[in-house]
Amino acid sequence: MNIKIKLPDGAIKEFSEKITVLDVAKSISEGLANASLAGIVDGKKVDLDHEIDHDAEVAIITFKSEEGPDIYWHSTAHLMAQAVKQLFPKVKVTIGPAIENGFYYDFDSEKAFSEEDLVLIEERMKELSNEKLPYVRKEVSRNEAMEIFKKMDEPYKLEILNEIPEDEILSLYTQGDFTDLCRGPHLAHTGKIKAFKLLRSSGAYWRGDEKNKMLKRIYGISFPSPKELKVYLNNLEEAKKRDHRKIGKELDLFSINDDIGPGLVLWHPKGALIRHFIESYWKNQHLEYGYDLVYTPHIGKGHLWETSGHLSFYKEGMYNPMEMDGIDYYVKPMNCPFHIMIYKSSKRSYRDLPMKLAELGTVYRNELSGALHGLMRVRGFTQDDAHIICTPDQLESEVEKLLDFSLMVLGKFGFENFEIYLSTMPEKSVGDPEEWKAATESLRKAIEKHNLDYKIDEGGGAFYGPKIDIKIKDALNRSWQCTTIQFDFNLPTRFEMDYIGSDNQAHRPYMIHRALLGSIERFFGTLIEYHAGNFPVWLCPIQVKILPISDATSEYADEVLTALKAKGIRAEIDERSEKINFKVREAEMAKIPYMFVLGGKEAETNSVSVRRHTKGNLGVVSLTEAIDLVLNDKE
RNA sequence: GCCAACGUGGCUCAAUGGUAGAGCAGCUGAUUUGUAAUCAGCAGGUUGGGGGUUCGAUUCCCUUCGUUGGCUCCA
């Protein structure tokens, strides 16, 4: 017998008898064998003790491999479930997958897991890890599996079993006294799990459906070494310092007040000024790129929302109506019907298209109280909304322009890392499938033209059309949607929109909803976190703080201030009779980008000592040079 | 909305059944200072709201509001 094993680098190894994946790793190096978690044989992920009895392509998975962490974390989830079952035998297990950062396991338990419970579970996990219990795979028939889980009294596993397709191989993994239904692969034994931490417990609905029972979820993370775990936990701590709610308070940017109501934002002077700069930039760009700015009211008659369909599809998201002259008025959750009414205010010709109506439209939505989160999810917010109404043959170029525009705007704020999703037709949808196809293709083409990485969210589109979403991550790695470009095959029909074509016939236009920043509130939140409060200079309320060393230079300080203002630089003098250290400290903490320190020397030579926030003292330069420095940074 | 934790002066936190305390911020005064905290004094809280247990509640119980972490939803 002679088995040829092809490795990822193309090398071929020959073995004279059947071997396991671990043998292959060993034949390469002892180190690799130690680090190996599992393997890939002919494209299939398998356990290390998987036997190979034929020529095959084999790759070894370590923690550093793309597939590594998932397997590692999944095995840790099993370890945690074992510990939980031992400590709380009445608990029923459900599912426990690896996630982006770590893993969780959902349990059906009367009692929630307290922090003390988590410590107990961790301790038990440590003991079980020390026992180096092997994860043993066993393939079973459907009946066997049913028997086993019936005996174990695990109803959720039985429910899952029933939903696995007939032709799929069923496998069980057992370590010590714990058996779980699982596709695998898993680590060789529990001793491989060296460092772990249970991070939090929370509630989670079975299958994510609020109609189902509330389960108890435990989240955790694990690494092959304590050092990696420590680095991860440290990063988590560092990330918390970037939290927009914390920085928003420290820099006095915004607040949310109990007496006003949850999810309703107060923009304080500094935050409002930044918002003003964001909005003016936004308006100027829209005017330049062929948009028309509009303003629309905050409320509209119930009849309007019936026509739009919001009262049948989105009622829970809307505030209750208020009555006037016997007619119900609703606060708007969206701007679209208003923009449509502007379109419909006169007869439109194909020559009017594309029509692009843009508005910083403030809307109110009744978000679930438990979902509110700082500026990221609020109940009243301003969308940087626009509706593009065009003919079918303008579609593709409009989508392309949109994506260009969006990337340019996001870039202006310093955003370069984001996730792009293309969402396609869901099961329940309105509109002609051919139109869906064309629209989806035009979205795809636009993304590909930019050479951007993107993920497809199959069936994730709105019922009324496909969409592109751009998401930005917050300090804790949670994604928040900013840009959204959505087709709408629904509203043009509902509102019977039309235009007269060159053939003198009425046609139905295409409509695209889009928001670039998403909402000003959320965008501001992500902006704060992305820059850790160190805003791009053009957005800073104060760009330069002038710090005279003593009263003796206060006259010169005034001159510097005048010179800065003349160049459109926002500056302020700290005139207090405090030590320079103190003034520097306060300016640093206020994250002001430039500090100009002035003493007798500077006054004599018409210069300033420049200090850059986070970078420190840059030395003395002439006032004109210093001003140029700031102006260059202000772009 | 659901599961859980939390709620003490503007901010960060202390006080586990015996009339609430610190630092920072604020105010007043002194200090005129060379790149991240000058010194002193003063003032500020019916401990989120309501109810209960108790001789006595920040502390224990109930309820309500809010916040936080998740579930869900979405800008």
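Chain naming here is simple, since letters A, B, ... match the order of the sequence lines and numbering starts at 1 in each. Only this structure's heavy atoms are used, side chains among them; waters, hydrogens and symmetry mates stay out.
Taking the nucleotide of RNA chain B with the nearest heavy atom to each of Ser202(A) and Gly518(A), the more 5' of the two is matched to Ser202(A). With the nearest nucleotide of RNA chain B identified for both Arg576(A) and Phe582(A), Arg576(A) has the one nearer the 5' end.
Backbone-only contact: Arg217(A) has heavy atoms under 4.0 Å from sugar-phosphate atoms and none from a base. Here Asn581(A) lies in heavy-atom contact (under 4.0 Å) with sugar-phosphate atoms only. Residue Glu602(A) is in base contact, counting any heavy-atom pair closer than 4.0 Å across all strands shown. Using a 4.0 Å heavy-atom cutoff across all strands shown, Glu578(A) reaches at least one base atom of the nucleic acid. Within 4.0 Å (heavy atoms only), Gly208(A) reaches sugar-phosphate atoms of the nucleic acid but no base atom. Using a 4.0 Å heavy-atom cutoff across all strands shown, Val378(A) reaches at least one base atom of the nucleic acid. Residue Ile580(A) is in sugar-phosphate contact alone, with no base atom involved, counting any heavy-atom pair closer than 4.0 Å across all strands shown. Nucleic acid contact for Lys601(A): base, since at least one base atom lies under 4.0 Å from a heavy atom of the residue. Heavy atoms of Gly600(A) sit under 4.0 angstrom from at least one base atom. Looking at heavy-atom distances under 4.0 Å, Asp258(A) makes contact with sugar-phosphate atoms alone, never a base. Nucleic acid contact class of Ala515(A) (heavy atoms, under 4.0 Å, all strands): none.
Between Phe413(A) and Tyr530(A), a ring centre-to-centre spacing not shorter than 6.0 Å is recorded.
Counting to the nearest Å, the P atom of A4(B) and the CD atom of Glu115(A) are 14 Å from each other. The nearest whole Å value for the distance from the CD atom in Glu250(A) to the C1' atom in U12(B) is 10 Å. Taking atom CD of residue Glu110(A) and atom P of nucleotide A4(B), one finds them 11 Å apart after rounding to whole Å. Atom pair Asp209(A):CG and C71(B):P shows a separation of 14 Å (rounding to whole Å applied). The CZ atom of Arg207(A) sits 23 Å away from the P atom of G70(B) (whole-angstrom rounding). Atom CZ in Phe596(A) sits roughly 17 Å away from atom C1' in G34(B) (whole-Å rounding). Lys240(A) has its NZ atom 14 Å from the P atom of U68(B), to the nearest Å. The distance from atom CG of Asp574(A) to atom P of A36(B) is 15 Å, rounded to the nearest whole Å.
Spacing of C1' atoms, C11(B) relative to C3(B), comes out at 31 Å, to the nearest Å. Here the separation of A14(B) from G21(B), taken at their C1' atoms, is 7 Å to the nearest Å. Separation of the C1' atoms belonging to A15(B) and G45(B) is 14 Å when rounded to the nearest angstrom. Comparing U16(B) with U28(B), their P atoms are spaced 37 Å from each other, to the whole Å. If you take atom C1' in A37(B) and the same atom in A25(B), they sit 13 Å apart, rounded to whole Å. Between G50(B) and U59(B), the distance separating the two P atoms is 13 Å to the nearest Å. Across the P atoms, C42(B) and A4(B) are found 48 Å apart, a figure rounded to whole Å. Comparing U47(B) with G66(B), their C1' atoms are spaced 16 Å from each other, to the whole Å.
Here the side chains of Phe405(A) and Gln285(A) are in contact, with some heavy-atom distance below 4.5 Å. For the pair Val430(A)/Tyr464(A), a side-chain contact is recorded, criterion being any heavy-atom separation below 4.5 Å from C-beta on.
Ring-base stacking between Phe381(A) and A75(B) is satisfied, the centre separation being under 5.5 Å and the plane angle under 30°.
Closest to the Ser577(A) side chain, of the nucleotides U32(B), G34(B), G1(B), is U32(B). Here the side chain of Leu368(A) is nearest to one of G1(B), A75(B), U67(B), namely G1(B). Here the side chain of Glu588(A) is nearest to one of A36(B), U38(B), G69(B), namely A36(B). The listed nucleotides are U33(B), A75(B), C71(B); the one nearest the side chain of Ala204(A) is C71(B). Side-chain proximity of Tyr219(A) to G34(B), U32(B), G70(B): nearest is G70(B).
Pairing for G1(B) is with C71(B), a Watson-Crick or G-U wobble pair whose two hydrogen-bonding atom distances lie under 3.5 Å. With both pairing distances under 3.5 Å, C6(B) is matched to G66(B) as a Watson-Crick or G-U wobble pair. Under the Watson-Crick or G-U wobble criterion, with both distances below 3.5 Å, G21(B) is paired with C13(B). Across all strands shown, C39(B) pairs with G29(B); the Watson-Crick or G-U wobble distances both stay below 3.5 Å.
Note on Glu588(A) versus Lys545(A): no salt bridge recorded, every NZ/NE/NH1/NH2 to OD/OE distance being 4.0 Å or above. With respect to Glu578(A) and Arg585(A), no salt bridge is recorded, no charged nitrogen being found less than 4.0 Å from a carboxylate O. Classification of Glu586(A) and Lys583(A) as a salt-bridged pair fails, no side-chain N sitting under 4.0 Å from a carboxylate O.
Taking the six-membered ring where tryptophan is involved, the planes of His339(A) and His387(A) are perpendicular, since the angle between them exceeds 60° and thus also 30°.
For C73(B), its base sits under 3.5 Å from the side chain of Arg377(A) at one donor and acceptor pair at least. Contact of Arg611(A) with A36(B) (side chain to base): a donor-acceptor pair of N or O atoms is detected under 3.5 Å. Side chain Tyr205(A) to base G70(B): no donor-acceptor pair is found below 3.5 Å. For Glu367(A) and G1(B), a side-chain-to-base donor-acceptor distance below 3.5 Å is absent, hydrogens and geometry of angles not being considered.
In this model, the phosphate group of A36(B) is not approached by any side-chain N or O of Lys579(A) to a distance below 4.0 Å at OP1 or OP2. Using a 4.0 Å cut-off, no side-chain N or O of Gln481(A) falls inside it from OP1 or OP2 of C74(B). Here His373(A) reaches the OP1 or OP2 of G69(B): one of its side-chain N or O atoms lies under 4.0 Å away. Phosphate contact (OP1/OP2 of A4(B), side-chain N/O of Ser201(A), threshold under 4.0 Å): absent. Between Arg245(A) and the phosphate of U68(B), there is a side-chain N or O to OP1/OP2 separation shorter than 4.0 Å.
Partner of Ile573(A) under the side chain to side chain contact (heavy atoms under 4.5 Å, CB included) criterion, chosen from Leu547(A), Asp558(A), Val544(A): Asp558(A).
Closest heavy-atom contact between Phe254(A) and Arg245(A): CZ-CA, 4.2 Å.
A cation-pi arrangement, defined by a distance under 6.0 Å to the six-membered ring centre and an angle within 45 degrees of its axis, is absent between Lys401(A) and Tyr289(A).
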